[in-house]
Amino acid sequence: MNNSIGWALIRVTAGFFFMYGHGLPKLQRGVEKFAVGVGEMGFPFPLFFAWCATLSELVGGALIALGLLTRPMAALASVTMLVALYRHLGDPFRSMELALVYLSIFVGAMIMGSGRYGLDAKVKLPGILGRLQR
């Protein structure tokens, strides 16, 4: 039971901070501004990929915090963190540290799912969402 509570605390905290500290500010400042940096990294269709990252952080973070569709959302968030690591490859370790912490937690979420205290354990979604939920 203590392990379940501990995992819930980690999952909720990381998901909330990912949503509130990363996705929401991108949305508030304007995704178009973020898209400029995405384009400078060499991504084609920078506005599309900027929206993908923003939604991964905002919606993915919220769903991870709730423990709903935890594994697929953690997979998307992990891809976002891999791109963040790529972006900071030549920078000092301190610039990569947060992306590595989030990546570690999200890989753990892909392995463990939401745990006992997530909505995945309580709500069974229909159709393809139900298959993604497992």
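Please read these numbers as outputs of a predicted model, since none were measured by experiment. Residues take their numbers from the sequence shown, with the count starting at 1.
Nearest heavy atom pair, residue Val83 against residue Met41, reads CG1-CE, 4.0 Å.
Taking the side chain as every heavy atom from C-beta outward, Phe18 and Met81 approach each other to under 4.5 Å.
Under a hydrophobic-cluster definition in which Ile, Leu, Val, Met, Phe, Trp and Tyr are linked whenever side-chain heavy atoms come within less than 4.5 Å, directly or via other members, Leu9 and Trp7 are assigned to different clusters. Under a hydrophobic clustering in which Ile, Leu, Val, Met, Phe, Trp and Tyr are joined whenever their side-chain heavy atoms come within less than 4.5 Å, directly or via other members, Phe34 and Phe48 fall into the same cluster. Linking ILVMFWY side-chain heavy atoms closer than 4.5 Å, directly or via other members, places Val31 and Tyr20 in a single hydrophobic cluster. Under the 4.5 Å side-chain heavy-atom criterion for grouping Ile, Leu, Val, Met, Phe, Trp and Tyr, Val36 is not connected to Leu47 through any hydrophobic cluster. In the hydrophobic clustering of this structure, Leu98 groups with Leu100; members are Ile, Leu, Val, Met, Phe, Trp, Tyr whose side-chain heavy atoms approach within less than 4.5 Å, directly or through other members.
To the nearest 0.5 angstrom, Met19 atom CE is 11.5 Å from Leu27 atom CG. If you take CZ on Arg29 and CG on Leu24, they are separated by 9.5 Å, rounding to the nearest 0.5 Å. Rounded to the nearest 0.5 Å, atoms CG (Asp91) and CG (Leu85) are 11.0 Å apart. Between atom CZ of residue Phe93 and atom OG of residue Ser95 there is a gap of 10.0 Å, rounded to the nearest 0.5 Å.
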For residues 105-128, run the donor-acceptor check on the side chains, cut-off 3.5 Å, and write out each pair with its distance to 0.1 Å, sequence neighbours left out.
{"from": "Asp120", "atom 1": "OD1", "to": "Leu69", "atom 2": "N", "distance (Å)": "2.7"}
{"from": "Asp120", "atom 1": "OD1", "to": "Gln133", "atom 2": "NE2", "distance (Å)": "3.1"}
{"from": "Asp120", "atom 1": "OD2", "to": "Leu69", "atom 2": "N", "distance (Å)": "3.4"}
{"from": "Asp120", "atom 1": "OD2", "to": "Thr70", "atom 2": "N", "distance (Å)": "3.0"}
{"from": "Asp120", "atom 1": "OD2", "to": "Thr70", "atom 2": "OG1", "distance (Å)": "2.9"}
{"from": "Lys122", "atom 1": "NZ", "to": "Arg116", "atom 2": "O", "distance (Å)": "3.0"}
{"from": "Lys124", "atom 1": "NZ", "to": "Asp120", "atom 2": "O", "distance (Å)": "3.2"}

List the atom pairs, with distances to 0.1 Å, where a side-chain N or O of residues 53-64 and a protein N or O form a donor-acceptor pair under 3.5 Å, not counting sequence neighbours.
{"from": "Thr54", "atom 1": "OG1", "to": "Ala50", "atom 2": "O", "distance (Å)": "2.8"}
{"from": "Ser56", "atom 1": "OG", "to": "Leu76", "atom 2": "O", "distance (Å)": "3.4"}
{"from": "Ser56", "atom 1": "OG", "to": "Thr80", "atom 2": "OG1", "distance (Å)": "2.9"}
{"from": "Glu57", "atom 1": "OE1", "to": "Gly23", "atom 2": "N", "distance (Å)": "3.4"}
{"from": "Glu57", "atom 1": "OE1", "to": "Lys26", "atom 2": "NZ", "distance (Å)": "2.9"}
{"from": "Glu57", "atom 1": "OE2", "to": "Lys26", "atom 2": "NZ", "distance (Å)": "3.4"}

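Not less than 6.0 angstrom separates the ring centroid of Phe17 from the ring centroid of His22.
Aromatic ring pairs are classed by plane angle as parallel below 30°, tilted from 30° to 60° and perpendicular above 60°; the pair Phe43 and Phe49 is tilted.
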